[in-house]
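Remarks on the structure that follows.
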There are 2 protein chains.
Amino acid sequence: MPTPKPGRPVRGSRTGRPIMAALDLLGRRWTLRVLWELRDGPLTFRALRDACEGVSPTVLNTRLRELQDGRIVEKTEGGYGLTPGGLGLSKALRPLDSWARSWAAPS
Amino acid sequence: MPTPKPGRPVRGSRTGRPIMAALDLLGRRWTLRVLWELRDGPLTFRALRDACEGVSPTVLNTRLRELQDGRIVEKTEGGYGLTPGGLGLSKALRPLDSWARSWAAPS
DNA sequence: GCGTTTCGCTACGTAAAGTGTAGCGGTAGG
DNA sequence: CCTACCGCTACACTTTACGTAGCGAAACGC
């Protein structure tokens with residue numbers, strides 16, 4: 001399965017709308033988690049593995065390649081880090097944390 | 001695989017932190033897309049299927065059960081709709097759209 | 001009543017994706 | 001050299017997703 005990109009058909013949408021590519025990409029296992037773990041700076045492959053306890057190196061590498069392909073993650077001196085665009089995505093994801101906390105609170 | 005919930009261990013995290021449960025839940029295929037499609041109001045099962053062109057009824061039903069289990073989606077007169085909590089999640093996800101558009105724009 | 005249509009959803013066989021362990025080749029330090 | 005990490009790959013296995021077919025229930029017209 002190729003890396004979803006804006007402007008091209010993705011799984012579940014032939015329109016090529018950016019949001020559809022994003023939803024496809026982020027809806028793959030561990031993708032959101034990896035972005036979350038990288039929010040405070042670069043991590044090495046092995047540190048990232050440890051942060052996402054239980055992810056297999058196969059999938060981690062696949063996800064990293066997809067994210068690099070989408071210019072969201074890049075290799076830096078300190079390991080894998082967010083690109084400027086990836087940083088924007090990470091910020092767009094922040095509200096999730098406060099939502100999750102309110103979700104956890106009893107209704 | 002059980003529905004991830006805050007306060008319990010989930011895939012990749014034994015801490016039970018709400019954000020981890022959220023990332024696990026949202027990182028399953030079609031989950032984000034379903035939430036996205038429900039943002040403007042309830043849809044019937046079949047309308048939802050059509051909106052997510054290509055999703056198989058098996059998976060759609062599984063995702064809907066998980067989302068209902070997490071009190072994010074509920075059955076209403078008009079089909080499947082967001083709960084108050086689900087509405088909050090939908091709002092927390094809004095920034096994704098504008099990010100995706102900037103992502104699509106050439107750097 | 002009786003066919004037709006639409007509904008939500010399940011069955012089930014196939015295909016794809018993710019998992020887990022082992023370990024390779026590379027680099028850096030002693 | 002030898003040890004100890006590093007990023008990453010191989011590969012057999014399990015889980016998840018896909019796709020088509022179709023069921024039973026309800027809602028319409030006739």
Side-chain angles (χ1 to χ4, degrees), chain A residues 1-4 9-14 20-21 23-38 41-70 72-83, chain B residues 1-4 9-14 20-21 23-38 41-70 72-83:
Chain A
M1 181 73 67
T3 305
V10 297
R11 181 175 41 210
S13 174
R14 278 156 303 160
M20 292 303 164
L23 293 178
D24 185 0
L25 185 58
L26 299 177
R28 299 178 177 191
R29 202 154 288 165
W30 296 107
T31 306
L32 282 170
R33 175 66 175 274
V34 164
L35 290 172
W36 185 257
E37 298 297 343
L38 291 180
L43 291 176
T44 66
F45 189 92
R46 263 151 137 116
L48 204 43
R49 262 212 88 188
D50 292 344
C52 309
E53 23 173 341
V55 65
S56 77
T58 320
V59 185
L60 179 55
N61 192 41
T62 304
R63 290 296 102 88
L64 285 172
R65 263 190 276 124
E66 289 166 359
L67 288 169
Q68 287 173 92
D69 216 24
I72 292 169
V73 160
E74 64 189 350
K75 286 192 189 182
T76 71
E77 335 76 62
Y80 289 95
L82 297 171
T83 64
Chain B
M1 181 73 67
T3 305
V10 298
R11 181 173 41 210
S13 174
R14 276 155 304 159
M20 291 305 164
L23 293 178
D24 184 2
L25 184 58
L26 298 177
R28 299 180 177 189
R29 202 151 289 165
W30 294 107
T31 305
L32 282 170
R33 176 65 177 271
V34 164
L35 289 172
W36 184 258
E37 297 297 344
L38 291 180
L43 290 176
T44 65
F45 187 92
R46 263 151 136 117
L48 204 44
R49 262 212 87 189
D50 292 345
C52 310
E53 23 172 342
V55 64
S56 76
T58 321
V59 185
L60 179 54
N61 192 41
T62 305
R63 290 296 103 87
L64 284 172
R65 263 190 274 124
E66 290 165 359
L67 287 170
Q68 287 173 91
D69 216 23
I72 291 167
V73 160
E74 65 188 352
K75 287 192 187 181
T76 70
E77 335 75 61
Y80 288 95
L82 298 172
T83 65

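In what follows, chains carry the letters A, B, and so on, assigned in the order in which the sequence lines appear, proteins first and then strands, with residues in each chain numbered from 1.
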Could you measure the distance from the [atom1] atom of [X] to the [atom2] atom of [Y]? Nearest 0.5 Å is fine.
X	Y	atom1	atom2	result
L82(A)	L35(A)	CG	CG	6.5 Å
W30(A)	S56(A)	CH2	OG	9.0 Å
L23(A)	E37(B)	CG	CD	8.5 Å

Taking [atom1] from [X] and [atom2] from [N], how many angstroms apart are they, rounded to a whole number?
X	N	atom1	atom2	result
Y80(B)	dC7(C)	OH	P	13 Å
R65(A)	dC8(D)	CZ	P	9 Å
L64(A)	dC8(D)	CG	P	8 Å
M1(A)	dA17(C)	CE	P	5 Å
L43(B)	dC9(C)	CG	P	14 Å
E66(A)	dC8(D)	CD	C1'	16 Å
R63(B)	dC18(D)	CZ	P	8 Å
R11(A)	dA16(C)	CZ	P	12 Å

| Does the pair L43(B) and D50(B) meet the rule for a side-chain contact (heavy atoms from CB on, under 4.5 Å), with working shown? | CA-CA 10 Å; L43(B) 290 176; D50(B) 292 345; over 6 Å; no
| Start at the 5' end of DNA chain C and walk down; is the nucleotide closest to R28(A) or to R46(A) reached first? |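 Between the two, 5'-proximity favours R28(A).
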| Residues touching DNA chain C, which here means a heavy atom under 4.0 Å, drawn from residues 49-62 of chain B |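 The stretch gives P57(B), T58(B), N61(B) as the residues lying under 4.0 Å from the strand, ordered by number.
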| Pick from R63(B), E66(B), R11(B), M20(B): which one makes a side chain to side chain contact (heavy atoms under 4.5 Å, CB included) with L25(B)? |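 Running side chain to side chain contact (heavy atoms under 4.5 Å, CB included) over R63(B), E66(B), R11(B), M20(B) with L25(B) returns exactly one hit, E66(B).
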| message | Tell me whether T83(A) contacts the main-chain N or O of I72(A) through its side chain, where contact means a donor paired with an acceptor under 3.5 Å. | response | yes
| L32(B) versus G27(A), closest heavy-atom pair with distance | CD1-N, 4.1 Å
| request: Ignoring the backbone of F45(B), work out which of dG18(C), dG7(D), dC9(C) is nearest its side chain. | output: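 Between dG18(C), dG7(D), dC9(C), the one nearest the side chain of F45(B) would be dC9(C).
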| query | With sugar-phosphate meaning primed atoms plus P, OP1 and OP2, does R29(A) contact a base, only sugar-phosphate, or nothing at under 4.0 Å between heavy atoms? | reply |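 Sugar-phosphate contact only.
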| message | Between W30(B) and dC18(D), is there a contact of a side-chain N or O with OP1 or OP2 at under 4.0 Å? | response | yes
| Under-4.0 Å side-chain N/O to phosphate OP1/OP2 contact, K75(B) with dC9(C) | yes
